[in-house]
Amino acid sequence: MLGFAARRLAASLVLVWVVASLVFLVIHLIPGDPAELLLSQGGVAPDPASVADLRAHLGLDRPLGAQYLTYLNGLLHFDFGTSLQDEHPVAEDIVLRLPRTLELVGVAGLLAVVIGLPLGVMAALRSGQLVDRILSNLAGLALSVPVFVVGTLLVLVLAQKLHWVPAGGFVALSVNPLRHFGLLMMPAGTIALGLAAVVFRVTRGAALEVLERDHVRAAQARGASPAVIIRRHVVRNAATSVITVVGLHLGALLGGTVLVEYVFNWPGLSGYLVLAVEARDYPAVLAIVLVISALFVLLNLIVELLYGVIDPRVRRA
């Protein structure tokens with residue numbers, strides 16, 4: 001198991017380096033001069049001498065190769081540079097905002113599994129019956145509705161019409177835990193709805209396949225209770241597929257929470273990315289995209305390691 005984990009870790013580190021290099025090159029190919037943009041006021045072109053001084057101050061006048069080496073050296077020391085907007089260290093902004101996005105995505109993933117897994121098993125056990133058809137149609141509906149539509153409807157109905165929850169905002173957990181989770185539930189539920197539908201479909205398909213296997217039929221013939229069959233055979237065999245779906249979708253959600261954070265005014269990392277792109281803030285954009293990419297790679301690594309725990313045959317691959 002240690003050898004398997006070491007191989008996967010080494011491959012993940014190489015992948016992070018490749019992603020970091022590609023992001024650096026793509027960002028620097030975007031048209032526009034950050035120094036000129038920062039000095040522009042009201043559409044008036046800035047003084048060329050001031051632009052040159054600012055480029056030198058920010059290191060943008062150096063060769064691209066030298067900037068790349070400085071960039072890699074900073075990454076090794078977890079130094080993402082300073083923001084071009086306010087000269088504030090980018091790492092501090094990421095440390096402040098990243099936990100909020102991780103909390104949002106993590107709670108959404110937990111809700112999706114808690115909802116989708118048991119409903120998927122229930123539908124498989126009642127395949128072809130009314131319950132199965134209703135749940136399958138609801139899952140299809142949940143997948144077809146865009147996330148910003150779900151968020152807007154929740155705000156309209158639960159916040160503005162029924163006044164059950166606040167429309168949005170953020171309060172730190174240390175300040176008011178109850179209000180913090182109250183503000184968290186709607187954006188997390190918005191994200192969880194589509195993911196729960198995916199988990200439901202994957203669980204239902206995996207459970208149906210398991211229920212058709214000979215050893216499960218034999219266990220049923222020996223008089224094994226439905227609870228034992230579900231626990232020992234259905235859930236355990238469906239776990240690999242569910243882990244894959246949740247792991248990959250959580251990684252995608254890290255970069256896809258922009259609309260949800262905007263609708264619910266949740267000050268996470270995605271909103272910071274939008275501001276950085278609009279301002280041509282290269283260090284901030286590089287850092288945010290790299291952090292999201294590294295987290296995606298980390299989630300894939302965790303999924304692979306869980307594969308090795310659940311199915312020992314994967315370790316020999």
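Just so it is clear, the model here is predicted, and its values are computed rather than measured.
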Would a single hydrophobic cluster contain both Leu72 and Val285, if residues Ile, Leu, Val, Met, Phe, Trp and Tyr are joined by side-chain heavy-atom contacts under 4.5 Å?
yes
Would you call the rings of His180 and Phe170 parallel, tilted or perpendicular, where under 30° means parallel and over 60° means perpendicular?
perpendicular
Assess the residue pair Leu183 and Phe264 against the criterion (side-chain contact (heavy atoms from CB on, under 4.5 Å)); give the C-alpha distance rounded to whole Å, side-chain angles, the decisive distance to 0.1 Å, and a yes or no.
CA-CA 8 Å; Leu183 293 169; Phe264 293 99; over 6 Å; no
Check each of Leu64, Leu290, Val19 against Phe24 using the side-chain contact (heavy atoms from CB on, under 4.5 Å) test, and report the only one that passes.
Leu64
Val95 side chain reached by Glu92 side chain, heavy atoms, under 4.5 Å
no
Distance-only, no hydrogens or angles: does the Trp266 side chain make a donor-acceptor pair with backbone N or O of Arg100 under 3.5 Å?
yes
Are Leu138 and Leu208 co-members of a hydrophobic cluster defined by side-chain heavy atoms under 4.5 Å apart?
no
Which pair of heavy atoms, one from Leu143 and one from Ala197, lies closest together, and at what distance?
CG-CB, 3.7 Å
First locate atom CD1 of Ile115, then atom CG of Leu193, and finally report the distance between them rounded to the nearest 0.5 Å.
8.0 Å
side-chain contact (heavy atoms from CB on, under 4.5 Å) between Asn73 and Leu69, intermediate numbers included
CA-CA 6 Å; Asn73 182 64; Leu69 293 178; over 6 Å; no
Heavy atoms of Ala108 and Ala192 approach each other most closely as O-CB, 3.3 Å
Hey, what do you get for CE (Met185) to CG (Leu104), rounding to the nearest 0.5 Å?
9.5 Å
Begin from the C-alpha positions of Phe181 and Glu103 and carry the test side-chain contact (heavy atoms from CB on, under 4.5 Å) through to its verdict.
CA-CA 10 Å; Phe181 286 110; Glu103 181 184 22; 4.1 Å; yes
Can you tell me how far apart CG (Leu98) and CG (Asp93) are? Round to the nearest 0.5 Å.
12.0 Å
Between Gly128 and Arg133 the two heavy atoms that sit nearest each other are O-NH1, 2.7 Å
Is there a path of hydrophobic side-chain contacts, each under 4.5 Å between heavy atoms, that joins Leu173 and Val105?
yes
Using modelled atom types and a 3.5 Å cut-off, is there a donor and acceptor pairing between side-chain atoms of Tyr71 and backbone atoms of Ala20?
yes
Taking all non-hydrogen atoms of both residues, which atom of Pro283 and which atom of Phe80 are closest, and how far apart?
CB-O, 3.8 Å
Establish whether Val18 and Val23 are linked, either directly or via other cluster members, by ILVMFWY side-chain heavy-atom contacts under 4.5 Å.
yes
Give the C-alpha distance, both sets of side-chain angles, the deciding distance and a yes or no for side-chain contact (heavy atoms from CB on, under 4.5 Å) between Leu102 and Leu295.
CA-CA 10 Å; Leu102 291 178; Leu295 288 172; 3.9 Å; yes
For the atom pair CG (Leu135) and CZ (Arg201), what is the distance rounded to the nearest 0.5 Å?
12.0 Å
Side-chain heavy atoms under 4.5 angstrom apart, residues restricted to Ile, Leu, Val, Met, Phe, Trp, Tyr: same cluster for Val16 and Phe78?
no
Look up atom CG in Leu154 and atom OG1 in Thr190, then write down how far apart they are to the nearest 0.5 Å.
4.5 Å
Quick one: list whatever passes side chain to side chain donor-acceptor pair (under 3.5 Å) with Thr203, sequence neighbours left out.
none
Of all heavy-atom pairs linking Arg126 and Asp132, the shortest is O-CB, 3.1 Å
Which atom pair, heavy atoms only, marks the closest approach of Ala188 to Val107?
CB-CG1, 3.8 Å
